[in-house]
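Take a look at the structure set out below.
Predicted model, so just to flag it, every value in this text is computed and none were measured. Values reported hereafter were calculated over all heavy atoms of this structure, with side chains retained and with hydrogens, waters and symmetry mates removed. Below, read A as the first sequence line, B as the second, and so on, with proteins coming before strands; counting in each chain starts at 1.
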There are 2 protein chains.
Amino acid sequence: MTTMTAARITTPADRPAERPPMGLRERKKLKTRQAIRSATYTLVEEQGYDATTIEQIADRAEVSPSTVFRYFPTKEDIVLTDEYDEILLEELRARPADEPWMDSLRHVMHKALALGVTEEPEVSRLRARLGVEVPAVRARMVESMSAAGLLIRQAVADRTGLDQDGLEVRVFAMSLMGGLMEVSLYWAENGCEGELSDLMDRAMDVLEHGLPAGKPRGELRGKP
Amino acid sequence: MTTMTAARITTPADRPAERPPMGLRERKKLKTRQAIRSATYTLVEEQGYDATTIEQIADRAEVSPSTVFRYFPTKEDIVLTDEYDEILLEELRARPADEPWMDSLRHVMHKALALGVTEEPEVSRLRARLGVEVPAVRARMVESMSAAGLLIRQAVADRTGLDQDGLEVRVFAMSLMGGLMEVSLYWAENGCEGELSDLMDRAMDVLEHGLPAGKPRGELRGKP
DNA sequence: CATGAAATGAGAGTAACTCTCAAAAGTGTC
DNA sequence: GACACTTTTGAGAGTTACTCTCATTTCATG
């Protein structure tokens, strides 16, 4: 979807004739969705995640609490959900089939970071920080990683000929996800300083080739 | 009453030297703890996890709901917590310092499985099954894996000379944990058939050497 | 404008926690 | 055994995320 306008958070409906195939209803729904999101963001920045209740969010977004739950199944989803997943999935599919899939993954990860940063730079930080501070948010992050793991499994299976549901592929995909998740936590714990994409590259190196100094086999470890 | 379970956990026949320094208070605490646990196990087997409320658990364990929460911070912890962690930590520390740490880890994992199976064979299955079925339980499993990751980091740092809090070590530890977690899910999804330790070995092979057929670099992938 | 479909709001209900405070039970001392 | 002292427990009220239902409003359409 090219619903870029939806990402324009505070922009009122002042762009009349830009989307022919979208009725008033759909437009309102997007607006409500975004209103709930941005209400949550500001409230969480102001008072913290736990102190922010659904009722407050509903008030500030000028909807009823019922509506909030109609749009987002859980409080964590308000903070963590976005529309990039489909874009990234297409991006992954668009990679050449003979490209080493680890390179494909690298490419998609960079794309993901670029999207997140240019579109809403402060949201990336907020998410990473909440991932560190709030267990429930971290849990939800893991859950969505696990979903992403399914895609990785598919990509790996496609290009290696291994069974997508076999133990080996599953373990590998999940270990990848775990490693990438840790990057975000590391970034947030260190004050969100530095380029996240650099960290991501370092992490991918580890996941691809093992630890830098002492190899996984560990027999040659006397490295000062 | 379920005094049997408490006797099983303390096993006076096995460890005669542990008896003297435990007063009535401590003994009762252990008994209550175990009563809550076994009440939960049977109720969950009977009606499922979500259908089982804290009040029911408290009733069957013959304590008040307040007491349940005093012993376990969350409902998931009742199912997932045990006393093996310290044992395993000591086991890890007891490994020779020049052993490749991946081998150490392998050893400890096998010990963990052996403990869990001999002590309470059905609990391992229940946990694995709940991990698949109940998102909250899965989330809590990940959380405790993350805690275990800290130990892994220490072990890796000790033997490789790398920084325990550096990105590389953290990513590696977390990817390990993710992979091992997936083993349990895989096992449960396939009906808990076969030896869990065999699966664990296969997973460790993947984590140590990469995927079997197509190597991580992926350039030599034409393997039927 | 009328008619049907979809979105919303209001409210009641559930269950996992949290907090507080008074009663009860275990511990050490005389 | 009676005594203070500490720890554990139970009872109950309160919070909050989330669910369900139903009546009302709002959009779409012929």
Expected rows: protein N/O vs nucleotides 19-26 of chain D N/O, under 3.5 Å:
from   : atom 1 : to      : atom 2 : distance (Å)
D:dT26 : O2     : A:Arg25 : NH2    : 3.2

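Following rounding to the nearest Å, A:Lys75 (NZ) and D:dC18 (P) show an atom-to-atom distance of 8 Å. One can place NZ of A:Lys29 at 13 Å from C1' of D:dA28, the figure rounded to the nearest angstrom. In this structure, the CD1 atom of B:Ile36 is 12 Å from the C1' atom of D:dT8, given to the nearest Å. One interatomic measurement links the two molecules: CD of A:Glu26 to P of D:dC27, which rounds to 13 Å at whole-angstrom precision. Put simply, CD1 on B:Ile78 is 9 Å from P on C:dA16, counting in whole angstrom units. The distance between atom NZ of B:Lys31 and atom P of C:dA25, rounded to the nearest whole Å, is 14 Å. The distance between atom CG of B:Leu43 and atom P of C:dA15, rounded to the nearest whole Å, is 14 Å.
Applying the side chain to side chain donor-acceptor pair (under 3.5 Å) test to pairs two or more places apart or on separate chains, those with a residue in residues 170-181 of chain A are A:Arg170-B:Glu182, A:Arg170-B:Glu189. Pairs of residues two or more places apart, or lying in two chains, that qualify as salt bridge (Lys or Arg N to Asp or Glu O under 4.0 Å) and include a residue from residues 45-55 of chain B are B:Glu46-B:Arg60. Residue pairs meeting the side chain to side chain donor-acceptor pair (under 3.5 Å) criterion with at least one member in residues 130-144 of chain B, sequence neighbours excluded: A:Arg138-B:Glu143, A:Glu143-B:Arg138, B:Asp77-B:Arg140.
Taking 4.0 Å as the cut-off between side-chain N and carboxylate O, B:Arg153 and B:Glu168 do not count as a salt-bridged pair. We find that B:Arg37 and B:Glu83 are joined by a salt bridge, their nearest charged nitrogen and carboxylate oxygen being less than 4.0 Å apart.
Partners of A:Arg127 according to the salt bridge (Lys or Arg N to Asp or Glu O under 4.0 Å) rule, which considers only residues two or more places apart in sequence or in another chain, are A:Asp82. Applying the side-chain hydrogen bond (donor to acceptor under 3.5 Å, both in side chains) rule to B:Ser104 yields the partners B:Glu99, B:Arg159; only residues at least two apart in sequence or on another chain are considered. In this structure, the side chain to side chain contact (heavy atoms under 4.5 Å, CB included) partners of A:Asp201, at least two apart in sequence or on a different chain, are A:Arg106, A:His110. Listed by chain and residue number, A:Tyr71 satisfy the side chain to side chain contact (heavy atoms under 4.5 Å, CB included) test with A:Lys29 (two or more places apart in sequence, or in another chain).
Note on B:Thr67: every side-chain N or O is 4.0 Å or more away from OP1 and OP2 of D:dT9. The shortest distance between the side-chain N/O atoms of B:Tyr71 and the OP1/OP2 oxygens of D:dT9 is below 4.0 Å.
For residues 47-59 of chain B, proximity to DNA chain C is found at B:Thr52, B:Thr53, B:Ile54, defined as any non-hydrogen atom under 4.0 angstrom from a strand atom.
Nucleotides of DNA chain C nearest to A:Glu62 and B:Phe72 differ in position, and the one nearer the 5' end is that of A:Glu62.
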